[in-house]
Structures are given as C-alpha cells and as structure tokens.
Amino acid sequence: MSTPIQSRAILVLGAGELGMPVIRNLARLGKEHGASISVMLRSASIASDLPEKRVVVDEIRSLGVAIVSGDLVAATVDELAAMFSKYDTVIGCTGYAAGRDTPMKVARAAVKSGIPRYFPWQFGVDFDAIGRGGPQDLFDAQLDVRDYLRSQSAMDWVVISTGMFTSYLFEPEFSVIDLKGKRVNALGSRTNAVTLTTPDDIGAMTAQIVFHTPAIRNEIVYLAGDTIRYEALPAMLEEQFGSPFNFAVWDVPRLMRELADDPSNMIKKYRAAFAQGRGVSWGMEKTFNAKTGAKLESVRDWMRANLTTS
C-alpha cells in the first residue's frame, strides 16, 4: 500500500476522559495542518440537558469541532463504514464501556469504509507482550483486533500504547495505593513496574503522532509519562504527605484466588493481569515522547498537582 495522505478529515469516536484531550489537541494542531476535526457522539448525549453533558458538547463546538450522531454499539458494520467513509482518519477513544465485541466491529467497519488510516482503541498495555489466556479476557479481544489489522492491507493502522492512566494507580477501588490506610499494595512483586501516562499527555502526543511527517503507519507507538516500580512508591508518598506508608505484596496466587472467587469482577481481572508483570511497563528510551523530546507528567509531578497534603 502506498503512503497514506496526510490526515485532513479526522473523526474521533467518543469524548470522554481520553477523547476530550485528543479532541482539544487535534483541534489546535489541525488549524496548522488545514485539517477538519469531527467527533461521533450518541444522539442522546448530543441532546442531553444534563449539565455535565452540556459542558462537553459546548466545549467541542467552541473548538470548531463538528459533532456527528452515531452509536458504535447499535450501528451495523455497514452503517459505521458508511459514516467513516467521509473521513481519511478515524481514532477510537471510547474505552471498554462500549463492550468486548465493539472494538472488532469498529475495526471491520474501518477497513470496509476505505479510509486510509485507523487508530484503534488500544491505548493501554502492550497486548502482544501479555499474550493470550491471561486473567483479563478483554486483552484477548484486543489481540484479535491487532491480528485482524495486521492481516489486511487495505488500510494503514497505528496503535498507541500508553500504559495505565496515571490517575488509575490512585483509584481507591484499584487499591494499589491506599491513601486513607497509608499503604502500598504491590501487584505480583515489589520489583514489578508499571508504565503510566495522563490522558492530557496522551491527547497531546496522539495529535503529534497523527500529524507526524513522514506519516506513521502500521506501527505500535509507545508513550510513557513514567515507568515506576511499586517498591519506589512508599518513599514518594512519604515525601508528599510527610508520614510513612506501609508496603505489602499481593502475589499472583493470592490475586488469582480472589479472581476465582469472583470471576466477573473487572478490577480483580486487572489486578491479576498487572501482577503477571508482562506487557504493562516499558523503558522511556523506546517511547515517542522521548524520541521527540516531549516532557510528559511523571508520577511525582502528578502527585504534587493532584494530591492534597492536608
């Protein structure tokens, strides 16, 4: 396949925690590159009177981004392909909320639409390194999408691997960092590491990748705001809060037992998958941000900006 045209008509799927930073940065850079940006939202979201929905819709419009109505779950492959065909680049930012089967449906629609380039929802871990049959079955579905994209030559694709959203490490439900209990619970081993990037940084880097010259095609591009071992977290938290944090290891057998007792629990699936220690971290030297000299937010920077010491 020949080198694709530069992105001039871009459709973003979704406007959530990641979608909005992607949209903001595409809108900014798009002006420099003569590109038009559109976002697909469900009609209920567009018409909603809920304040949180109105804020999003109003911001999108203020950025000069067009809003198109569509539903990735309800629409057929043919219907999505017809919508996508109006663009030259489609970027998936819907996350896992759309369901296990939706990423493959969207990928098939992208190929069928005839667009030159597609960025699937693969913002996260390195599914190839993790492999199949792990505790988190959603990862197998993402590998299916990768295999499908690699098997075809009608369309270029770009996967952006970002690691975990930085804020998720501090989610009380995830329980790796227990701020109230002043405790760090390492997944798998004390020396296991995790790569973390904020949605704002992912949005900025995604826009850079979209408009990069020469065009990036058929590649996995890595990002990292930080890669940190669990054993380094207590000292960082003590520095932030001025009081000691305890440290424990939740090993793989323990986490697999907990998952076996509650096999549909999504949080327990993630904990067990991260505890394996494969595909969830990578060195800064292989990242797009390091190669381009971009400074992203580290874990320590994030803590200083977001965690109160009072």
Side-chain angles (χ1 to χ4, degrees), residues 1 4 13 18 22 90-96 98-108 110-111 117-166 168-169 187-189 191-197 199 201-202 205-206 209-210 212 215-229 252 255-256 259 266 269-292 296:
M1 184 174 178
L13 308 177
L18 178 62
V22 169
V90 172
I91 304 173
C93 291
T94 52
Y96 291 122
R100 178 191 171 99
D101 299 326
T102 302
M104 181 61 82
K105 179 167 73 168
V106 177
R108 293 188 184 282
V111 171
R117 191 164 60 154
Y118 175 52
F119 290 71
W121 168 261
Q122 298 253 328
F123 300 90
V125 296
D126 185 342
F127 303 110
D128 291 313
I130 289 174
R132 295 184 180 276
Q136 178 48 280
D137 51 341
L138 286 175
F139 293 173
D140 285 8
Q142 293 290 60
L143 273 172
D144 291 342
V145 171
R146 288 194 182 189
D147 287 349
Y148 172 68
L149 293 175
R150 287 166 170 150
S151 74
Q152 56 79 47
S153 57
M155 175 189 74
D156 288 342
W157 52 268
V158 181
V159 164
I160 303 178
S161 288
T162 66
M164 186 191 297
F165 287 180
T166 306
Y168 195 69
L169 188 67
L187 300 179
S189 79
T191 58
N192 272 359
V194 59
T195 289
L196 305 140
T197 316
D201 282 341
I202 296 169
M205 291 296 96
T206 296
I209 292 164
V210 168
H212 190 269
I216 295 172
R217 50 196 294 256
N218 303 327
E219 284 186 44
I220 298 173
V221 182
Y222 293 88
L223 302 178
D226 210 340
T227 294
I228 190 165
R229 289 182 173 186
V252 171
L255 294 170
M256 292 301 290
L259 178 58
M266 196 62 64
K269 289 182 182 183
Y270 276 116
R271 284 189 202 133
F274 273 82
Q276 313 288 321
R278 297 189 308 274
V280 298
S281 67
W282 42 85
M284 199 66 70
E285 69 282 351
K286 72 186 292 184
T287 65
F288 178 83
N289 47 285
K291 292 172 183 175
T292 57
L296 304 190

Q: Answer whether the closest heavy-atom distance between the side chains of Leu259 and Gln136 falls below 4.5 Å.
A: no
Q: Only counting residues at least two apart or in another chain, list the ones meeting side-chain contact (heavy atoms from CB on, under 4.5 Å) with Val280.
A: Val125, Ile130, Phe274
Q.
Going by side-chain contact (heavy atoms from CB on, under 4.5 Å), name the residues that satisfy it together with Thr94, two or more places apart in sequence or in a different chain.
A. Leu13, Leu72, Ala98
Q: Without swapping roles, check the side chain of Arg100 against the backbone of Asp137 for a donor-acceptor pair under 3.5 Å.
A: yes
Q) Passes side chain to side chain contact (heavy atoms under 4.5 Å, CB included), Thr197 versus Met205? Steps please. A) CA-CA 11 Å; Thr197 316; Met205 291 296 96; over 6 Å; no
Q: For the pair Gln142 (side chain) and Trp121 (backbone), establish whether a donor and an acceptor sit closer than 3.5 Å, ignoring hydrogens and angles.
A: yes
Q. Passes side chain to side chain contact (heavy atoms under 4.5 Å, CB included), Phe288 versus His212? Steps please.
A. CA-CA 11 Å; Phe288 178 83; His212 190 269; 3.9 Å; yes
Q. Hey, what do you get for OG1 (Thr206) to CD1 (Ile160), rounding to the nearest 0.5 Å?
A. 3.5 Å
Q | Results of side-chain contact (heavy atoms from CB on, under 4.5 Å) for Val252 - residues two or more places apart only | A | Met256, Ala275, Gln276
(Q) Under the rule for salt bridge (Lys or Arg N to Asp or Glu O under 4.0 Å), what residues qualify as partners of Asp226, not counting sequence neighbours? (A) none
Q: Taking side-chain contact (heavy atoms from CB on, under 4.5 Å) as the test, write out the residues that go with Ser281, two or more places apart.
A: Ala193, Thr195, Thr227
Q: Could I get the full list of salt bridge (Lys or Arg N to Asp or Glu O under 4.0 Å) partners for Arg150, not counting sequence neighbours?
A: Asp128
Q | salt bridge (Lys or Arg N to Asp or Glu O under 4.0 Å) against Lys105, all qualifying residues, sequence neighbours excluded | A | none
(Q) Heavy-atom count check: over 12 atoms from other residues, nucleotides or ligands less than 6.0 Å from Arg229 CZ? (A) no
Q. Distance-only, no hydrogens or angles: does the Glu219 side chain make a donor-acceptor pair with backbone N or O of Val221 under 3.5 Å?
A. no
(Q) Between Arg117 (side chain only) and Ile216 (backbone N and O only), is there a donor and an acceptor less than 3.5 Å apart? (A) yes
Q. Checking side chain to side chain contact (heavy atoms under 4.5 Å, CB included) for the pair Phe119/Ile209: CA distance, chi angles, key distance, verdict?
A. CA-CA 10 Å; Phe119 290 71; Ile209 292 164; 3.9 Å; yes
Q: Can you sort out the partners of Trp282 under side-chain hydrogen bond (donor to acceptor under 3.5 Å, both in side chains), two or more places apart, ordered by chain and number?
A: none
Q) Where is the tightest heavy-atom contact between Ala290 and Met284, given as atom of each residue plus distance? A) CB-O, 3.1 Å
Q.
Quick one, Leu187 with Leu255, criterion side chain to side chain contact (heavy atoms under 4.5 Å, CB included). Give me CA distance, side-chain angles, the key distance, then yes/no.
A. CA-CA 8 Å; Leu187 300 179; Leu255 294 170; 4.0 Å; yes
Q: Report the residues that fulfil side-chain hydrogen bond (donor to acceptor under 3.5 Å, both in side chains) with Tyr222, sequence neighbours left out, ordered by chain and then residue number.
A: Asp126
Q.
The criterion is salt bridge (Lys or Arg N to Asp or Glu O under 4.0 Å); which residues satisfy it with Asp101, sequence neighbours excluded?
A. none
Q. How many angstroms lie between CD1 in Ile228 and CG in Asn192, if you round to the nearest 0.5 Å?
A. 13.0 Å
**Q.** Minimal non-hydrogen separation, Ala273 against Pro135, with atom names
**A.** N-CG, 3.8 Å
Q.
Using side-chain heavy atoms (C-beta onward) and a distance below 4.5 Å, is Phe165 in contact with Leu196?
A. no
Q | Side-chain heavy atoms of Val145 within contact of Leu149, under 4.5 Å | A | yes
Q.
Run the side-chain hydrogen bond (donor to acceptor under 3.5 Å, both in side chains) test against Asp140 and tell me which residues pass, sequence neighbours left out.
A. none
(Q) Taking side chain to side chain donor-acceptor pair (under 3.5 Å) as the cut-off, I'd like each qualifying pair that reaches into residues 283-292, sequence neighbours left out, listed once. (A) Thr287-Asn289
Q.
Taking the side chain as everything from C-beta on, heavy atoms only, tell me whether Val159 gets closer than 4.5 Å to Pro120.
A. yes
Q. Taking all atoms of both residues into account, what is the closest heavy-atom pair of Pro199 and Leu18, and its distance?
A. O-CD1, 4.0 Å
(Q) I'd like to check Leu138 versus Met266 (side-chain heavy atoms, cut-off strictly below 4.5 Å). Are they in contact? (A) yes
